[in-house]
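Remember, it's 1-based here, ligands and their atoms both numbered in the order they're listed. Along the sequence shown, residues are numbered consecutively beginning with 1.
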Amino acid sequence: MYKVLILGGTSEGVALANKLSADPIIIPITSLAGRTREPKDVQGFLRQGGFGGVEGLVHYLKSEEVFAVFDATHPFAIQITKNAFSACKSAKIPLARLTREPWAAETGDDWHNVENIAEAVESIPVGARAFVTTGRQELEPYFERRDIWTLVRVIDMPAKQLELGRGKFIAGRGPFSVEDEVDLMRGYGVDLLVSKNSGGQSSYGKIIAARQLGLPVVMVRPPELTLETVICYSLNEASEWLKGCLN
Ligand code: NAP
């Protein structure tokens with residue numbers, strides 16, 4: 001039996017664990033950072049919480065006798081991706097990254113590409129009503145803009161709502177249909193969408209909805225990583241890579 005560690009936090013990570021659990025010689029172990037109150041059900045084993053940096057991850061890989069690692073974390077989760085690279089190199093364990101191609105603007109899209117959240121916040125026009133979907137980290141810069149109203153979508157509703165007049169938190173976890181996204185954006189009368197360019201299908205509905213409504217999108221570019229890691233863009237590529245490691 002071969003233990004395969006899947007660093008998760010994405011729908012692709014769940015799909016990979018479910019696929020590998022059907023293989024009688026593989027034991028998938030999904031690892032989550034532990035930020036979401038009720039993570040999605042996943043087949044195989046589940047562990048939660050940080051490892052304690054590169055050193056902690058190396059220790060985990062060795063003590064659990066992990067055969068191979070998939071980094072299926074979100075394209076913007078760069079610290080864990082760097083840690084996985086260094087730890088696997090040090091422990092001499094094969095590593096592949098299961099990730100997504102970033103979205104590309106299409107006809108009808110009005111994207112304003114920015115490098116980070118600070119730039120995204122700066123580029124929101126004065127007095128605008130912004131639909132913010134960049135996650136619950138780094139929300140402060142939005143709230144420092146006293147002139148804008150924000151509709152902030154997060155997975156887990158925070159204990160406190162925003163001050164009246166500043167905006168509103170809504171909780172939700174994708175995938176969201178285009179129709180629902182159109183209704184939501186229309187219902188709250190938003191003027192623009194702020195999104196990370198995360199790629200993948202599960203959160204693409206809002207991008208199509210913005211296109212249909214003729215709304216601009218402030219799009220945060222994915223971080224560039226120059227790590228020499230095998231990249232898989234589909235579950236099939238991921239299982240082919242693993243098969244290659246087993247042979
Ligand atoms: P990050 O900045 O890259 O990682 C920070 C620390 O969190 C890591 O050093 C590690 O702690 C721990 N960690 C992260 N992912 C982990 C995992 N899968 N298993 C165990 N520990 C993990 O990560 P982040 O941007 O905060 O994202 C946290 C999680 O949310 C990730 O799993 C990611 O896939 C998911 N996510 C992130 C975003 C995003 O926009 N960043 C969006 C959707 C989902 P130690 O150093 O102690 O090991």
Side-chain angles (χ1 to χ4, degrees), residues 3-17 28-40 42 44-64 66 68-91 93 95-100 102-103 114-121 132-142 152-156 171-176 193-204 206-207 218-225 227 229 232 238:
K3 285 186 186 171
V4 174
L5 178 67
I6 301 167
L7 300 167
T10 57
S11 51
E12 290 82 0
V14 173
L16 180 63
I29 306 168
T30 296
S31 171
L32 299 177
R35 311 261 159 82
T36 305
R37 274 182 224 138
E38 283 180 37
K40 282 184 184 167
V42 62
F45 291 94
L46 175 67
R47 69 160 300 283
Q48 295 200 65
F51 295 96
V54 175
E55 214 178 290
L57 184 50
V58 170
H59 175 75
Y60 179 89
L61 295 173
K62 288 184 176 168
S63 60
E64 287 295 321
V66 170
V69 178
F70 280 105
D71 173 6
T73 58
H74 189 272
F76 280 72
I78 52 172
Q79 188 57 55
I80 187 69
T81 290
K82 287 179 183 168
N83 289 0
F85 178 79
S86 304
C88 288
K89 198 170 175 188
S90 160
I93 291 175
L95 165 73
R97 194 167 177 215
L98 174 63
T99 191
R100 320 143 173 181
W103 302 312
V114 294
E115 298 303 324
N116 50 45
I117 299 290
E119 268 188 37
V121 175
V132 174
T133 61
T134 47
R136 68 167 178 191
Q137 293 178 46
E138 286 192 87
L139 282 173
E140 263 324 299
Y142 295 98
V152 183
R153 184 161 63 199
V154 285
I155 291 180
D156 292 319
R173 192 200 311 240
F176 305 100
L193 166 69
V194 189
S195 173
K196 286 178 173 171
N197 191 340
S198 310
Q201 282 309 306
S202 81
S203 57
Y204 193 57
K206 64 190 174 189
I207 308 299
V218 176
M219 187 66 90
V220 185
R221 283 203 180 91
E224 271 181 39
L225 282 167
L227 305 173
T229 314
C232 306

**Heavy atom of the protein closest to atom 11 (O) of ligand 1 (residue, atom name, distance)** = G50 CA, 3.6 Å
**Request:** Specify the protein heavy atom at minimum distance from atom 27 (O) of ligand 1: its residue, its atom name, and the distance to 0.1 Å.
**Result:** R35 NH1, 3.7 Å
**Prompt:** In the protein, which heavy atom is nearest to atom 9 (O) of ligand 1, and how far is it?
**Reply:** N83 ND2, 3.4 Å
**Message:** Just to confirm my output: which protein heavy-atom neighbour is closest to atom 10 (C) of ligand 1, and how far is it?
**Reply:** I80 CD1, 3.9 Å
**Asked** Under 3.5 Å, is there a donor-acceptor pair between the side chain of S195 and the main chain of T133?
**Response** no
**Asked** NZ of K89: more than 12 outside heavy atoms within 6.0 angstrom?
**Response** no
**Item:** Heavy atoms from other residues, nucleotides or ligands near CD of Q201 exceed 12 (cutoff 6.0 Å)
**Value:** no
**Asked** Can you find an N/O atom of R47 closer than 3.5 Å to an N/O atom of ligand 1?
**Response** no
**Request:** State whether a side-chain donor-acceptor pair under 3.5 Å links S31 with Y60.
**Result:** no
**Item:** Taking atom 23 (O) of ligand 1 as the reference point, the nearest protein heavy atom with its distance
**Value:** A77 CB, 3.6 Å
**Prompt:** So between G9, G52, A33, whose heavy atom ends up nearest atom 29 (C) of ligand 1?
**Reply:** A33
**Asked** For ligand 1, which atoms, with element, lie under 4.0 Å from some heavy atom of I78?
**Response** 3 (O)
**Item:** T134, any N or O under 3.5 Å of ligand 1 N or O
**Value:** no
**Fill in**
Contact region, Q48 to ligand 1, non-hydrogen atoms below 4.0 Å, reads neither
**Prompt:** At a non-hydrogen distance cut-off of under 4.0 Å, which region of L57 contacts ligand 1 (side chain, backbone, both, or neither)?
**Reply:** neither
**Message:** Can you report which non-hydrogen protein atom sits closest to atom 46 (O) of ligand 1, along with the distance?
**Reply:** G53 N, 3.0 Å
**Request:** Look only at the side chain of R136 and the backbone of I155, and say whether a donor-acceptor pair between them is shorter than 3.5 Å.
**Result:** no
**Request:** Please indicate whether any nitrogen or oxygen in G8 is less than 3.5 Å from any nitrogen or oxygen in ligand 1.
**Result:** yes
**Item:** Atom CZ of F76: over 12 foreign heavy atoms under 6.0 Å
**Value:** yes
**Request:** Taking N197 for its side chain and W103 for its backbone only, find out whether a donor-acceptor pair lies under 3.5 Å.
**Result:** yes
**Item:** For Q137, the ligand 1 atoms whose distance to one of its heavy atoms is below 4.0 Å
**Value:** 24 (P), 25 (O), 26 (O)
**Message:** Which residue is it: I6, L57, V4, L7? I am looking for the one with a side chain to side chain contact (heavy atoms under 4.5 Å, CB included) to V69.
**Reply:** L7
**Prompt:** Does ligand 1 have an atom under 4.0 Å from some heavy atom of G49?
**Reply:** yes
**Item:** pair L193-I207: side-chain heavy atoms closer than 4.5 Å
**Value:** yes
**V14/T30 under side-chain contact (heavy atoms from CB on, under 4.5 Å): CA gap, chis, key distance, verdict** = CA-CA 8 Å; V14 173; T30 296; over 6 Å; no
**Message:** For ligand 1, which is the ligand I care about here, please tell me if L7 has any N or O atom under 3.5 Å from one of the ligand's N or O atoms.
**Reply:** no
**Item:** Closest protein heavy atom to atom 19 (N) of ligand 1, given as residue, atom name and distance to 0.1 Å
**Value:** S31 OG, 2.7 Å
**Prompt:** For Q48, does the CD atom sit with more than 12 other heavy atoms under 6.0 Å from it, leaving out its own atoms?
**Reply:** yes
**Message:** Just to be sure I'm reading this right: ignoring hydrogens, which of Q79, K82, H74, E12 gets closest to atom 36 (N) of ligand 1? Compare them by their nearest heavy atoms.
**Reply:** H74
**Request:** Report yes or no: does S63 contribute a side-chain atom to a donor-acceptor pair with the main-chain N or O of H59 at less than 3.5 Å?
**Result:** yes
**Request:** Measure the distance from atom 40 (O) of ligand 1 to every protein heavy atom, then report the residue, atom name and distance (to 0.1 Å) of the closest one.
**Result:** K196 NZ, 2.6 Å
